[in-house]
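Below, each value reflects all heavy atoms present in this structure, side chains not excepted, and no hydrogens, waters or symmetry copies.
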Amino acid sequence: LSRRGITRWGFQTAVQLILLGTALPVSDTQCGYKFLRVSVAQRLYDDLYLRRWSHDVEVLYRTALYGIPCRTVDIEWEDKAGSKVEEAGVVQVSLQMLWDIIRLRWVYFLLALQPSKQR
């Protein structure tokens, strides 16, 4: 495994553990390709809590929360040197993403306690 492969595996494992009980419809939440109908995209992307690297997890979390069908399509992907993550620092970005996922779980837990504010 490459360094990026290891960090990808670590992040996906953290997502599965933190969002335990929520079946996200994909195995790699950070893939940049998401094909959606405009109406679905508007609902999923409206007023996201996460604005950084891990916003993809919130979008996919919402598909599970709202019962929106989602499927994966295999594509050929090649990691290239010089990614934005490498420029920002892998450790710093990884810690920020971990914090984002913890915050995501907490925010949606609190929303669940307040039925009038649910999305």
Side-chain angles (χ1 to χ4, degrees):
L1 277 178
S2 66
R3 183 172 71 171
R4 187 166 180 154
I6 292 168
T7 57
R8 182 182 300 128
W9 174 86
F11 181 69
Q12 296 310 316
T13 301
V15 167
Q16 290 172 10
L17 291 173
I18 293 167
L19 299 180
L20 192 62
T22 305
L24 293 184
V26 299
S27 60
D28 185 356
T29 59
Q30 300 315 109
C31 178
Y33 293 104
K34 291 173 184 55
F35 295 100
L36 307 163
R37 281 187 238 118
V38 172
S39 60
V40 172
Q42 287 171 332
R43 184 169 185 207
L44 294 176
Y45 282 88
D46 181 47
D47 199 24
L48 290 175
Y49 290 99
L50 303 181
R51 300 278 181 201
R52 297 180 187 172
W53 302 99
S54 46
H55 79 278
D56 297 307
V57 176
E58 184 174 7
V59 170
L60 293 166
Y61 183 75
R62 286 179 172 191
T63 64
L65 191 65
Y66 301 155
I68 295 172
C70 182
R71 66 183 179 96
T72 62
V73 176
D74 291 335
I75 59 169
E76 275 192 48
W77 190 267
E78 184 178 324
D79 289 331
K80 302 242 180 194
S83 76
K84 293 177 186 176
V85 171
E86 287 175 1
E87 292 171 10
V90 173
V91 172
Q92 182 179 352
V93 170
S94 297
L95 291 173
Q96 179 62 54
M97 290 174 73
L98 178 60
W99 173 246
D100 284 348
I101 302 311
I102 292 168
R103 193 166 54 103
L104 172 74
R105 184 62 164 176
W106 181 248
V107 165
Y108 281 89
F109 172 74
L110 292 176
L111 285 175
L113 296 177
Q114 301 173 359
S116 64
K117 294 185 180 182
Q118 270 188 332
R119 294 171 183 256

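- The CD1 atom of Ile101 sits 11.0 Å away from the OH atom of Tyr61 when rounded to the nearest 0.5 Å.
- For the atom pair Ser54 OG and Leu48 CG, the distance stands at 10.5 Å (nearest 0.5 Å).
- Using modelled atom types, one side-chain atom of Glu58 and one backbone atom of Leu50 make a donor-acceptor pair closer than 3.5 Å.
- Counting all heavy atoms, side chain and backbone alike, Tyr45 lies closest to His55 at CE2-CD2, 3.9 Å.
- Of all heavy-atom pairs between Tyr108 and Arg62, the closest is OH-NE, 2.7 Å.
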_Intermediate values then yes/no, side-chain contact (heavy atoms from CB on, under 4.5 Å), Leu19 and Val57_ = CA-CA 10 Å; Leu19 299 180; Val57 176; 3.8 Å; yes

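- Taking all atoms of both residues into account, the shortest heavy-atom contact from Ile18 to Arg105 is O-NE, 3.4 Å.
- Ile68 and Arg43 get closest at one heavy-atom pair: CD1-NH1, 4.4 Å.
- Remark: Arg51 CZ is packed, more than 12 non-hydrogen atoms of other residues, nucleotides or ligands lying under 6.0 Å away.
- One finds the CD1 atom of Ile102 at 11.0 Å from the CG atom of Leu17 (value rounded to the nearest 0.5 Å).
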